[in-house]
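The structure appears right after this line, and notes come after that.
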Amino acid sequence: MKELILASNNAHKVEEIKSILEDYNILTLKDINYTEEIVEDGSTFEENALIKARTISKYSGKTAISDDSGLSVDLLDGRPGVYSARYSKEQTDEKNIEKVLLELNGQKSKAKFVSVIALVKPDGTELTFRGECHGEIIFEKRGTNGFGYDPIFYVPSLDKTFAELSAEQKNSISHRKQSLEKFSQYLKEESDEN
């Protein structure tokens, strides 16, 4: 089983990524005793994902991956975007949702969840893989599964919010599933060549 270091301690992300990349031994920052904060000061999901993966690849001397993801709302010019997790002053899921709904001021808007997986190898190889899941923002929170903006992210084709989906359902259509599928395909092609 191949080993990858995931530049995250976010339990939700770790669980989701492990369930999708089940053929790999995924180590977290905790597993490699990395305790410093990584400053994500990029202006795109790609930049922030690469910052995290570069930092951990350099620290460990091994191949590192990271995910940077968030919500992009059309009527808010793509906000909260890279600031999704820290959009409100309090930086809680509840307050972040409140701020988005307040800024939309009752206007319906299309939105998308974006996930970018970055891969950085000790030899300097750097790649990114992007996935998107399109939906819209609703003003009534629905569902108790998931995290972040899931209760207000509505997928019309399923007539459900992300928070109303089971983990299996969400993992089958999510932005992270899409970026990880592209990443998995790359890993498969790479192992076929070796």
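- With sequence neighbours excluded, the residues forming a salt bridge (charged side-chain N to carboxylate O under 4.0 Å, His left out) with K188 are D192, listed by chain and number.
- The salt bridge (charged side-chain N to carboxylate O under 4.0 Å, His left out) pairs that include a residue from residues 114-124 are K121-E190, where partners are two or more places apart or lie in different chains.
- Remark: S172 pairs with no residue by the side-chain contact (heavy atoms from CB on, under 4.5 Å) rule, at least two apart or across chains.
- Scored by the ring pair (Phe, Tyr, Trp, His ring centres under 6.0 Å) test, Y186 finds F129 as partners (sequence neighbours excluded).
- The structure places CD1 of I17 at 8.5 Å from OG of S66, a figure rounded to the nearest 0.5 Å.
- Taking CG of L76 as the start and CD of Q107 as the end, the distance is 9.0 Å to the nearest 0.5 Å.
- Atom CD1 of I138 is separated from atom CG of L104 by 12.0 Å, given to the nearest 0.5 angstrom.
- Transitive grouping of hydrophobic side chains (ILVMFWY, heavy atoms separated by less than 4.5 Å) keeps I26 and L29 in distinct clusters.
- In this structure V116 satisfies the side-chain contact (heavy atoms from CB on, under 4.5 Å) test together with F45, E46, A49, V114, T128, R130, sequence neighbours excluded.
- Using a 4.0 Å cut-off between charged nitrogen and carboxylate oxygen, E98 and K95 count as a salt-bridge pair.
- Checked against salt bridge (charged side-chain N to carboxylate O under 4.0 Å, His left out), K62 has the following partners two or more places apart in sequence or in another chain: E3.
- One N or O on the side chain of S109 and one on the backbone of L75 form a donor-acceptor pair closer than 3.5 Å.
- Going from atom CD1 of I117 over to atom NZ of K182 covers 11.0 Å, rounded to the nearest 0.5 Å.
- Put simply, L21 and V14 are part of the same group of oily side chains (I, L, V, M, F, W, Y) that touch within less than 4.5 Å, one to the next.
- Taking CZ from R176 and SG from C133, the interatomic distance works out to 11.5 Å, rounded to the nearest 0.5 Å.
- Remark: the backbone N or O of I56 is paired with a side-chain donor or acceptor of S60 at under 3.5 angstrom.
- Looking at heavy atoms from C-beta onward, E126 lies in side-chain contact with R54 at the 4.5 angstrom threshold.
- Here the closest heavy-atom approach between residue I51 and residue G42 is recorded as CD1-N, 3.8 Å.
- When the ring pair (Phe, Tyr, Trp, His ring centres under 6.0 Å) test is applied to Y87, no partner is found at least two apart in sequence or on another chain.
- A search for salt bridge (charged side-chain N to carboxylate O under 4.0 Å, His left out) contacts involving K13 returns D67, not counting sequence neighbours.
- One hydrophobic cluster, built from ILVMFWY side chains closer than 4.5 Å, holds both L6 and L187.
- Residues I65 and Y59 fall into different hydrophobic clusters, defined by Ile, Leu, Val, Met, Phe, Trp and Tyr side chains chained together at heavy-atom separations under 4.5 Å.
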Considering only distance and modelled atom types, tabulate donor-acceptor pairs under 3.5 Å from the side chains of residues 30-39, sequence neighbours left out.
residue : atom : partner : partner atom : Å
D31     : OD2  : T28     : N            : 2.8
D31     : OD2  : T28     : OG1          : 3.2

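- Legend: salt bridge (charged side-chain N to carboxylate O under 4.0 Å, His left out) pairs involving residues 77-91, not counting sequence neighbours, sorted by first then second residue: R79-E103.
- Of the possible polar contacts, one joining the N96 side chain to the A85 backbone as a donor-acceptor pair under 3.5 Å is found.
- For the pair P122/S57, a side-chain contact is recorded, criterion being any heavy-atom separation below 4.5 Å from C-beta on.
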Side-chain donor-acceptor pairs of residues 143-156 under 3.5 Å, sequence neighbours excluded:
residue : atom : partner : partner atom : Å
N145    : ND2  : L165    : O            : 2.9
Y149    : OH   : S84     : O            : 2.8
D150    : OD2  : F147    : N            : 3.1
D150    : OD2  : K170    : NZ           : 2.7
Y154    : OH   : D159    : OD1          : 2.6

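- In this structure, NZ in K110 is found 13.5 Å from OG in S72, a value given to the nearest 0.5 Å.
- Hydrophobic clustering (ILVMFWY, side-chain heavy atoms < 4.5 Å, transitive): L71 and I173 are in one cluster.
- The local environment of CD in E15 is sparse, with at most 12 non-hydrogen atoms from other residues, nucleotides or ligands closer than 6.0 Å.
- Annotation: side chain of V82 is not in contact with side chain of E40 (no heavy-atom distance under 4.5 Å).
- With contacts defined as side-chain heavy-atom distances shorter than 4.5 Å, the pair K99/P80 does not qualify.
- For K177, the salt bridge (charged side-chain N to carboxylate O under 4.0 Å, His left out) partners at least two apart in sequence or on another chain are E181.
- Contact between A53 and A7 at its shortest, heavy atoms only, is N-CB, 4.5 Å.
- Under the 4.5 Å side-chain criterion, counting only non-hydrogen atoms from C-beta, H175 is in contact with F162.
- Of the candidates D68, V120, L119, T44, L50 forms a side-chain contact (heavy atoms from CB on, under 4.5 Å) with just one, namely V120.
- Between D23 and K2 the shortest side-chain heavy-atom distance does not fall below 4.5 Å.
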